[in-house]
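One structure below.
All residue numbers in this chain count up from 1 along the given sequence. Read the numbers this way: they start at 1 and go in the same order the structure lists the ligands and their atoms.
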Amino acid sequence: MTKTSSPDVLERLVSLCKRRGFIFQSSEIYGGTGSVWDYGPLGVELKRNIKDRWWHSMVRTRDDIEGLDAAILMHPRVWEASGHVSGFVDPLVECTNCKRRFRADDERIKGEPGSPDAQCPSCGMKGTLTAPRQFNLMFKTFMGPVEDTAAVVYLRPETAQGIYVNFLNVQQASRQRIPFGIAQIGKAFRNEITPGNFIFRTREFEQMEMQFFVEPGTDMKWFEYWKEQRLRWHESLGIAPERLRFHEHSKEELAHYARAAFDIEFDFGGSLGFQEIEGVHNRGDFDLTRHQEFSGKKLDYFDQPNNRRFVPYVVETSVGADRTTLAILVNGFREEAVPGEEEGRTVLAFHPAIAPIKAGVFPLVKKDGMPEMASRLASDLRAYFPVFYDESGAIGRRYRRQDEVGTPFCITIDGESVSDGTVTVRDRDTLKQERVASEQVRDYVLERIAA
Ligand code: ATP
């Protein structure tokens with residue numbers, strides 16, 4: 001009865017997301033901007049709920065992690081120290097006929113780029129693909145009024161460097177002792193050559209990153225700890241455990257600075273299949289050592305009880321807010337038949353804690369005091385959680401409109417409600433209806449969204 005991950009789920013999700021106000025293409029009226037997306041009224045709530053849940057679990061509920069909000073624009077030397085100026089590159093080929101650009105390892109390219117028999121996957125011409133060139137993925141811009149190279153700055157391609165350069169500021173201000181972490185959520189920008197798959201790979205996106213500073217020698221223990229914690233967090237969002245798995249980076253895949261790395265992958269279904277949504281990396285002392293070298297400032301930690309100094313090792317957890325949002329959308333998307341009804345329904349089965357709207361409130365019909373009682377209840381509840389009031393059309397249609405945007409509960413006020421003060425609460429997933437006293441509805445919903 002239930003179809004989940006058929007190949008065109010993404011296509012149907014893109015259309016649902018636009019129609020119901022989750023996600024729109026950026027600058028759509030101008031024909032759109034390549035792989036940049038805007039979050040509409042429901043999308044902004046969904047993504048914010050995911051970010052809030054991350055912040056709550058990583059910062060608010062822990063006494064060993066501090067929050068930070070570093071600026072996007074940083075000193076250009078930061079990106080030399082981090083290795084991004086020289087190393088954040090993808091090999092790129094260009095077609096001299098149609099001017100399209102491709103990653104050199106694009107499977108659609110037939111033949112060796114640069115040779116006469118290589119064929120452009122877009123226009124089909126032979127011999128027009130250039131030999132691969134290294135293309136830096138960082139966006140460059142100019143700081144100050146004069147466009148000379150001295151003023152070149154970059155839009156950060158990751159949030160982590162803002163944490164490293166503030167390591168001592170945060171440590172000294174918060175008086176944290178190692179092991180401790182610094183977490184932040186923020187925008188990152190990458191001029192990806194082959195972006196796509198909706199919000200999976202975009203040129204502007206949000207990262208939720210945490211850098212955990214530890215004593216050398218204890219790093220693998222913390223690495224194992226964070227791997228497990230992070231997997232559990234994804235499960236706590238309601239992602240089906242069988243759609244999550246670890247992928248260990250082999251020696252060839254490991255970044256030059258990494259001592260060990262695992263991706264957490266989610267099964268997006270269809271042609272995408274399992275793909276990375278989060279990286280957990282043991283970065284050793286690479287980042288702090290490099291920033292010491294390039295800035296000339298000491299970034300070591302003074303271990304008071306043992307009266308010694310050392311540069312801490314770093315275990316990083318790095319997850320995309322947008323990619324997690326896509327995983328949540330794909331995970332929750334169902335098209336199914338409804339027993340006893342001709343029309344099927346589309347459901348976004350979000351965990352109640354992250355659903356953008358928690359409850360729909362409906363008068364069964366537009367008379368006999370029902371709209372008055374329903375709108376009073378809706379405005380009482382709105383003080384506690386997002387509520388959608390709807391009095392138009394058949395009740396079945398109103399239920400279906402809420403199912404489609406993932407609202408976990410629908411509260412209906414009928415003739416009985418007006419006489420005895422009870423209402424029905426319909427559960428999105430089981431379709432069961434329960435009669436609940438109207439003054440208890442608030443707690444009924446709150447208990448279930450807190451889980
Ligand atoms: P990929 O191999 O998919 O390009 P990556 O290994 O370069 O990703 P990291 O640099 O480890 O990714 O970034 C951590 C997380 O940031 C990723 O797991 C992903 O969720 C998110 N992310 C990275 N690049 C993008 C992007 N272009 N669009 C959306 N999210 C991204």
Closest protein heavy atom (residue, atom, distance) for [atom]:
atom	result
atom 28 (N) of ligand 1	Thr202 N, 3.0 Å
atom 30 (N) of ligand 1	Phe205 CD1, 3.6 Å
atom 15 (C) of ligand 1	Ser318 O, 3.7 Å
atom 1 (P) of ligand 1	Arg201 NH1, 3.4 Å
atom 12 (O) of ligand 1	Glu276 OE2, 3.5 Å
atom 21 (C) of ligand 1	Gly320 CA, 3.8 Å

Taking only heavy atoms of [X] into account, list the atoms of ligand 1 that are under 4.0 Å away from them.
X	value
Gln207	13 (O), 14 (C), 16 (O)
His281	11 (O)
Phe200	28 (N), 29 (C), 30 (N)
Glu192	24 (N), 26 (C), 27 (N)

Verify whether one side chain among [X] and [Y] offers a donor that lies under 3.5 Å from an acceptor in the other.
X	Y	value
Asp52	Asn49	no
Glu94	Thr130	no
Thr218	Glu215	no
His291	Gln161	yes

Exam field: side chain Arg243 to backbone Ala327, donor-acceptor pair closer than 3.5 Å: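 Checking the backbone N and O of Ala327 against the side chain of Arg243, no donor-acceptor pair under 3.5 Å is found.
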Heteroatom proximity flag, Ile277 to ligand 1, N/O under 3.5 Å: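 Checking ligand 1 against Ile277, an N or O pair does fall under 3.5 Å apart.
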Worked check of ring-ring contact (aromatic ring centres under 6.0 Å, His included) between Phe310 and Tyr301: CA-CA 5 Å; Phe310 62 87; Tyr301 170 77; 5.6 Å; yes
Proximity of Trp37 and Phe24 rings by center, below 6.0 Å: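 No; Phe24 has its ring centre 6.0 Å or more from that of Trp37.
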Within the 6.0 Å centroid threshold, strictly below: Phe213 and Phe167: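 Ring centroids of Phe213 and Phe167 are less than 6.0 Å from each other.
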Within reach of ligand 1, part of Thr324 (heavy-atom separation under 4.0 Å):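 Near ligand 1, Thr324 shows nothing, with every heavy atom at 4.0 Å or more.
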Salt bridge (charged side-chain N to carboxylate O under 4.0 Å, His left out) against Arg259, all qualifying residues, sequence neighbours excluded: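 In terms of salt bridge (charged side-chain N to carboxylate O under 4.0 Å, His left out), with neighbours along the sequence ignored, Arg259 is linked to Asp219.
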For atom 9 (P) of ligand 1, the option (of Arg203, His249, Arg190) bearing the nearest heavy atom: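 Heavy atom nearest to atom 9 (P) of ligand 1 belongs to Arg190.
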